[in-house]
Amino acid sequence: MSVNLNVQEKEQYLNELIDLLKIPSVSADSSYTEDVHNAAKWVANALKHAGAENVTVEPTKGYPIVYADKIISDDLPTVLVYGHYDVQPPDPIDLWDSPPFEPVIKKTKIHPEGAVFARGACDDKGQMYMHIKAFQWMIENDKLCCNVKFMIEGEEEVGSDNLEDFIRHHTDRLSCDVILISDTGMISNQQPSITTGLRGLSYMEVTVTGPNRDLHSGLYGGAVANPINILSQMIAQLQDENNRITIPGFYEKVVEVSNEERAEMAKAPFDLNEYIESIDLADVHGEEGYSTSERQSIRPTLDVNGIWGGYTGEGAKTVIASEAHAKISMRLVPNQDWEEVGRLFEAYFKSLAPKSVRVDVISHHGGEPYVTPIDNIGYQAAHKAYTTSFGVEPFPERGGGSIPIVPLFEKVLGVKSVLMGFGLDSDAIHSPNEHFGLFNFYKGIETLPLFYENYAALFKG
Ligand code: BES
Ligand code: MN
Ligand code: MN
């Protein structure tokens, strides 16, 4: 089988995606609530139009989950497609070259055929929509060879709080042989890769409180603890001079990757200069003893995502703030446990505080890390699909990001996920000017039916 979309199909599918990208389905910001619900309805309609059955918009305590399926035979394997229709907030909005919810097509150096610029273009509307169109293509061309179920959620960007409950209550409805997800990336358009791991996440927020009100920094300065100074000192102590995390017990459960596997990983093409240039850096930075690709995939990290307090308005104001705050996330690797790491963080962070301040720590959300072996038929079906459609073999690649629901799928449903991502690191997900290459969008739609074909054949044995 070979899938070649014709010009009309390409134009049609792109216009549909543009329509979806116009809906500002930002799950983190309640002022977009109606839009998030509208995106769910839009996806449900698209699934109906594509030929899916039993399409439902399932309410949750938060945003709905769109379910649909097409069951053609008990003898065939069942593929569960997961994706998300919610997007990250577009901020900082001033740094966008065009409005985030008014999609435009522009050519770039990496995407000479053009890319669609909009929030969610790559993460994950564009990638999720490839699955709906690939499904439609298989139906229209009489090539559907697996049962298919879709579960598209609207809370991925805020931690998928209600999804675990949903899958626990619908284990029968969601029963499947493999889970297929396009919500990651690949090395380049010339060199595809398959994501074989995701990092876990433990997301904390800390508050340091000093005096009961903001104080004049002349009258009180020097004699009371300044919460912002203290917070900065505490954060500075979380990493040592080798950029290793100092939290006692943090590395205890970390599975060290063998030198053999590290050597294997080092064979994947990675150009450090290109990397440095692409984000305008003078040099890279990270844990001693590990390469840049290792630092962003097989090693755990700790990052401050935001820090605030005191006066940040125009001009100068002399003040000692009453409170200082920071949001701190840790990326985790096998076999770290996100709740345990959160507890270790809290105990250590509080131990760093002088008596002159109070420290409060809360945990926002988290998720476990995930790795998938490459000897299962899901991986092999994906490998063969990329090889056919790109003409080169894909590399296995451990990813640095997190999709907390993937390890939960394994725990609750007992099913492994195959991560067929078509985005590029340079697509600026979560950043201003997010985009998705048209080549990538169409290539994804053309590659996915090959996965189904290969999977059905391997499943039969
Ligand atoms: N699609 C991303 C995760 C991703 C991107 C994994 C690229 C690998 C490569 C997902 O939407 C995401 O942003 N996840 C969050 C975690 C979530 C709990 C908010 C992340 O990784 O920060
Ligand atoms: Mn995503
Ligand atoms: Mn995301």
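Atoms within a ligand are numbered from 1 in the order they appear, just like the ligands themselves. Note that the structure is a prediction, hence the values are computed from the model and not measured. Residues take their numbers from the sequence shown, with the count starting at 1.
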Work out whether the distance between some heavy atom of Gln88 and some atom of ligand 1 is less than 4.0 Å. no
Given Arg331, Glu155, Glu156, which has its nearest heavy atom closest to atom 11 (O) of ligand 1? Glu156
Using side chain to side chain contact (heavy atoms under 4.5 Å, CB included), reason through His84 and Lys125 one step at a time and then give a plain yes or no. CA-CA 7 Å; His84 61 96; Lys125 285 174 173 170; over 6 Å; no
Would one find more than 12 heavy atoms of other residues, nucleotides or ligands at under 6.0 Å from atom NZ of Lys411? no
Using only heavy-atom distances, determine whether the side chains of His325 and Glu205 contain a donor-acceptor pair under 3.5 Å. no
Can you find a non-hydrogen atom of Asp124 under 4.0 Å from ligand 1? no
I'd like to know whether Phe150 forms a ring-ring contact (aromatic ring centres under 6.0 Å, His included) with Tyr67, so could you lay out the CA-CA distance, the side-chain angles of the two residues, the decisive distance to 0.1 Å, and finally the verdict. CA-CA 5 Å; Phe150 286 91; Tyr67 175 87; 9.0 Å; no
Are any of the N/O atoms in His365 less than 3.5 Å from those in ligand 1? no
Taking only non-hydrogen atoms of Ile429 and a 4.0 Å limit, the atoms of ligand 1 in range are 5 (C), 7 (C)
Nearest non-hydrogen partners of Pro248 and Tyr348, listed with the distance: CD-CD1, 3.4 Å
Pull up every protein N/O/S atom sitting under 2.8 Å from the Mn ion (ligand 3), skipping waters. Asp123 OD2, Glu157 OE1, Glu157 OE2, His430 NE2
Which atoms from ligand 1 have a heavy atom of His84 less than 4.0 Å away? 11 (O)
How close does the nearest protein non-hydrogen atom get to atom 8 (C) of ligand 1, and which residue and atom is it? Thr184 CG2, 3.7 Å
At a 4.0 Å threshold, what atoms of ligand 1 neighbour a non-hydrogen atom of Asp183? 1 (N), 2 (C), 3 (C), 4 (C), 5 (C), 6 (C), 10 (C), 11 (O)
Please tell me whether His285 and Asn243 have a donor and an acceptor in their side chains that are separated by less than 3.5 angstrom. yes
I'd like to know whether ligand 1 has Val158 as a neighbour, heavy-atom separation below 4.0 Å. no
Starting from atom 6 (C) of ligand 1, locate the nearest protein heavy atom and write down its residue, its atom name and how far away it is, to 0.1 Å. Gly401 CA, 3.6 Å
So Phe349 and Phe345, would you call those rings parallel, tilted or perpendicular, with 30° and 60° as cut-offs? parallel
Tyr370/Phe409 aromatic ring centres below 6.0 Å: no
Check ion pair Glu164-Arg168 (N to O, under 4.0 angstrom): yes
Contact with ligand 1 for Pro404, non-hydrogen, under 4.0 angstrom: yes
Using non-hydrogen atoms of the residue, decide whether His430 is closer than 4.0 angstrom to ligand 1. yes
Mind checking whether His37 and Tyr63 have parallel, tilted or perpendicular rings, split at 30° and 60°? perpendicular
Provide, to 0.1 Å, the distance between atom 15 (C) of ligand 1 and the closest protein heavy atom, together with that atom's residue and name. Ser402 O, 3.6 Å
Take the angle between the ring planes of Phe390 and Phe422 and call it parallel below 30°, perpendicular above 60°, tilted in between. parallel
Within 6.0 Å of CD in Glu53, more than 12 heavy atoms from elsewhere: yes
